[in-house]
Amino acid sequence: MQTRHRANRRTRPAGAGEGHLLYARPGIVVTVARFSVGRQSYPIAELTHLRTDRGPHDRFAVRVVAATAAVIGATGVLLGFTGGLERLTAGAYLALGAFAVLPVLLALAGDWWRPPPYELWGWYRGVETLLFSSDDQGQFDEVTAALDRARDRIRYADWEGAADRADPWRPDR
């Protein structure tokens, strides 16, 4: 029974995968002709000036860093105006210095916990547009590689078979 089922399977001729799927995951499809993300779909031939970038930092992490820096700065200013800086011990100065490093450590922790997304920008019909954004670097690299392959196929489509059609010049002897 399995042999009969296999015998009925249609096979694809060589070269049948030419205008076709380069990348497909839920919500993301890249073919030679189109790039679709969610409900947006762009013709590959109309995408120009593609560039990658990192998105903004996580808003919560930015707020935490700003609030921590403000509290530490306000504490330093308050101690300066009240004359408390003159009465502090060396250990207290070291503690203030350690607290001054806290916003930097919080910023690094925020970037580690929620890194900025990877973004793909490009010009579509004369307007710079965010085409794709992902937190996963592997997925982002696969999508951009598929887009590069699609653009190369469109760019060099006229060159395929050009050597066969060309009539080479030969000097008269």
Side-chain angles (χ1 to χ4, degrees), residues 17 19-157:
H20 320 101
L21 209 53
L22 298 174
Y23 181 86
R25 294 288 182 271
I28 307 164
V29 176
V30 180
T31 65
V32 171
R34 298 197 76 72
F35 173 51
S36 301
V37 179
R39 295 181 183 199
Q40 297 285 29
S41 185
Y42 308 98
I44 298 288
E46 294 184 27
L47 295 177
T48 60
H49 300 89
L50 295 182
R51 67 176 175 88
T52 59
D53 202 359
R54 294 299 297 264
H57 296 280
D58 186 45
R59 284 185 278 180
F60 179 72
V62 170
R63 288 178 185 153
V64 166
V65 168
T68 306
V71 166
I72 291 171
T75 304
V77 168
L78 185 65
L79 283 174
F81 278 126
T82 59
L85 286 175
E86 297 162 357
R87 292 181 294 230
L88 292 179
T89 64
Y93 275 109
L94 287 175
L96 278 176
F99 281 124
V101 176
L102 187 62
V104 174
L105 296 176
L106 286 174
L108 292 174
D111 275 352
W112 177 77
W113 194 274
R114 283 253 351 206
Y118 297 90
E119 295 179 342
L120 176 67
W121 291 83
W123 285 75
Y124 175 64
R125 294 186 178 167
V127 178
E128 189 173 27
T129 307
L130 176 63
L131 301 171
F132 178 65
S133 176
S134 176
D135 291 337
D136 182 11
Q137 183 180 10
Q139 179 189 36
F140 183 79
D141 290 342
E142 290 176 6
V143 169
T144 54
L147 258 173
D148 285 342
R149 286 193 308 270
R151 292 186 54 182
D152 285 344
R153 285 193 183 180
I154 285 179
R155 187 178 304 137
Y156 298 120

message: Using side-chain heavy atoms (C-beta onward) and a distance below 4.5 Å, is Ile44 in contact with Arg153?
response: no
query: Would you say the side chain of Leu147 lies within less than 4.5 Å of the side chain of Leu47, judging by non-hydrogen atoms?
result: yes
query: Between Glu128 and Trp123, what is the shortest heavy-atom contact and its length?
result: N-CE3, 3.8 Å
field: Atom pair CG/CG of Leu50 and Asp148 - distance to nearest 0.5 Å
entry: 7.5 Å
Close side-chain approach of Arg151 and Phe35, heavy atoms under 4.5 Å: no
- line: Residues Arg54 and Pro116: closest non-hydrogen pair is NH2-O, 2.6 Å
- request: Specify the closest pair of heavy atoms between Arg25 and Glu142, including all atoms of both residues, with the distance to one decimal.
  value: NH2-OE1, 4.3 Å
field: Atom of Ser41, atom of Tyr124 and distance for their closest heavy-atom approach
entry: O-OH, 4.4 Å
message: Measuring only between side-chain heavy atoms, which start at C-beta, is Phe140 closer than 4.5 Å to Leu120?
response: yes
message: Looking at every non-hydrogen atom in both residues, tell me the closest pair between Tyr23 and Ala146 and how far apart they are.
response: CB-CB, 3.6 Å
Non-hydrogen atoms of Leu131 and Trp121 that approach each other most closely: CD1-C, 4.2 Å
message: So, taking the atom named OH in Tyr118 and the one named CG in Asp141, what distance separates them when rounded to the nearest 0.5 Å?
response: 8.0 Å
query: Do Arg34's NZ or CZ and the ring of Tyr42 fall within the cation-pi criteria of under 6.0 Å and 45°?
result: no
